[in-house]
Amino acid sequence: MKVALVGIGKIAVDQHVPSIAASGDWELAATVSRSGTVDGVPSYTDIDTMLVEHADIGVVSLCLPPVPRFDYAAACLRAGRHVMLEKPPGATLAEVHALEAMAREAGTTLFATWHSRMAKGVAAAKAALAGKTIERAHIDWKENVRQWHPHQDWVFEPGGMGVLDPGINALSILTEVLPVPVHLKSGVMQVPTNRQTPISAELTFTGGVTASLDWLKDGEQLWQMQFTATDGTVVELFDGGNRCVVDGVDQPIAVLGEYPALYARMADLVAKGQSDVDLAPMVHVSDIMILCHRESAPAFDW
Ligand code: NAP
């Protein structure tokens, strides 16, 4: 299938371009970006022009930040194309519901991707927790924003979600592996005095689930979570979900990496004429923004 990539920036270059190139299912047939391009691929700066000139491209994968994404997604769906959304799938829940309705109306596939759910150990963790009652769980998602998102000011603008931009990855895993859903009870988040979005947060959910999110972590970067079931089983995920340990024993993990697995899933959805739009991780982020106590943190500069 021919795919167009929109928003040629960090994640498009780091993950989407190599994953498409390595797949037998996909051909990168065009890009749309105001300045980014991919060598040897026809490039456009305007989505409508690309859609008109490339009736042969059936799938568009949107890699731009969440706030500008809706208009691009709507244009693609109106043009009858299948659409992949980077995480988080939009700036608001309502706009993603609107996209879902448009895709249904148009009979096209909409895939709200959660790359961390495709991390290699997540399926093993889900299987290990299936049918169990979780007594407690804790998430540590602690990374250095200056290392992973250098000078991406949009993460600190409204809709950028701040530390919830990586935090939603943890929540996408949590909502995938927990046998019973939980919801936010309380939390506190720190917002730099010169920014709009949080740089750290401590969260308490029902079901004994807690989370510590930090975007100023120096040294070892932590993307891990631990679940303890009432029968004593301990399930741990490390490296962003790519390693699963049950009762101290490493589990067999998936073969495909996160982004190759997303493109394989998209190929399957298109072939079956289905959509996949699970907003559970984003509902948690929305609740966090509604319910958390806000504290001022020192001004943040790159
Ligand atoms: P980015 O590099 O800052 O932005 C991607 C590209 O989007 C930019 O290069 C820009 O290309 C285009 N863009 C930015 N603002 C725009 C606007 N207002 N209107 C139109 N186009 C705009 O961001 P990213 O890190 O790749 O992240 C993009 C998405 O992927 C986010 O939702 C993020 O959560 C997700 N993601 C990121 C990572 C990561 O490690 N960075 C990992 C997984 C998922 P042009 O200037 O050429 O138009």
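In listed order, ligands and their atoms are each counted from 1. Nothing fancy with the numbering, it's 1 onward along the sequence. Just so you know, these numbers use all the heavy atoms, side chains as well, and skip hydrogens, waters and symmetry mates.
- Residue Glu105 places its CD atom among 12 or fewer non-hydrogen atoms of other residues, nucleotides or ligands, all under 6.0 Å distant.
- Using a 4.0 angstrom heavy-atom cutoff, Trp114 does not count as in contact with ligand 1.
- Counting heavy atoms closer than 4.0 Å to ligand 1, residue Asn169 contributes nothing at all.
- Remark: minimum distance from atom 46 (O) of ligand 1 to any protein heavy atom is reached at Arg34 NH2, 3.2 Å.
- Protein heavy atom closest to atom 2 (O) of ligand 1, with residue, atom name and distance, is Lys10 N, 2.9 Å.
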Distance-only criterion, 3.5 Å: show the donor-acceptor pairs between side-chain atoms of residues 82-96 and protein atoms not counting sequence neighbours.
residue, atom, partner, partner atom, Å
His82, ND1, Thr109, N, 2.9
Glu86, OE2, His16, NE2, 2.8
Glu86, OE2, Tyr259, OH, 2.7
Lys87, NZ, Asp165, O, 2.9
Lys87, NZ, Asp165, OD1, 3.3
Thr92, OG1, Glu95, N, 3.1
Glu95, OE2, Ala91, N, 2.8

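- Side chains of Gln190 and Glu295: a donor-acceptor N/O pair is present below 3.5 angstrom, by distance only.
- Atoms CG and OG, from Leu203 and Ser212 in turn, are 8.0 Å apart once rounded to the nearest 0.5 Å.
- Residue, atom and distance of the protein heavy atom nearest to atom 24 (P) of ligand 1 are Gln152 NE2, 3.7 Å.
- Looking only at protein heavy atoms, the nearest one to atom 42 (C) of ligand 1 is Ile11 CD1, 3.2 Å.
- Under the side-chain contact (heavy atoms from CB on, under 4.5 Å) criterion, Glu176 pairs with Arg117, Val122, Lys126, sequence neighbours left out.
- With a 4.0 Å heavy-atom cut-off, ligand 1 is reached by the backbone of Ser35 and by its side chain too.
- At the shortest separation from atom 8 (C) of ligand 1 among protein heavy atoms lies Gly9 CA, 4.1 Å.
- By the criterion of a heavy-atom distance under 4.0 Å, the side chain of Tyr72, and not its backbone, is placed next to ligand 1.
- The protein non-hydrogen atom at the shortest distance from atom 35 (C) of ligand 1 is Lys87 O, 3.4 Å.
- Considering only non-hydrogen protein atoms, atom 3 (O) of ligand 1 sits nearest to Trp154 NE1, 2.8 Å.
- Note on ligand 1: Gln15 sits outside its first shell, no heavy atom being nearer than 4.0 Å.
- The aromatic rings of Tyr263 and Trp26 sit perpendicular to each other, their planes meeting at more than 60°, with 30° as the lower class boundary.
- Between Trp148 and Trp223, the ring center distance clears the sub-6.0 Å criterion.
- Of the protein's non-hydrogen atoms, Asp165 OD1, 2.6 Å is the one closest to atom 34 (O) of ligand 1.
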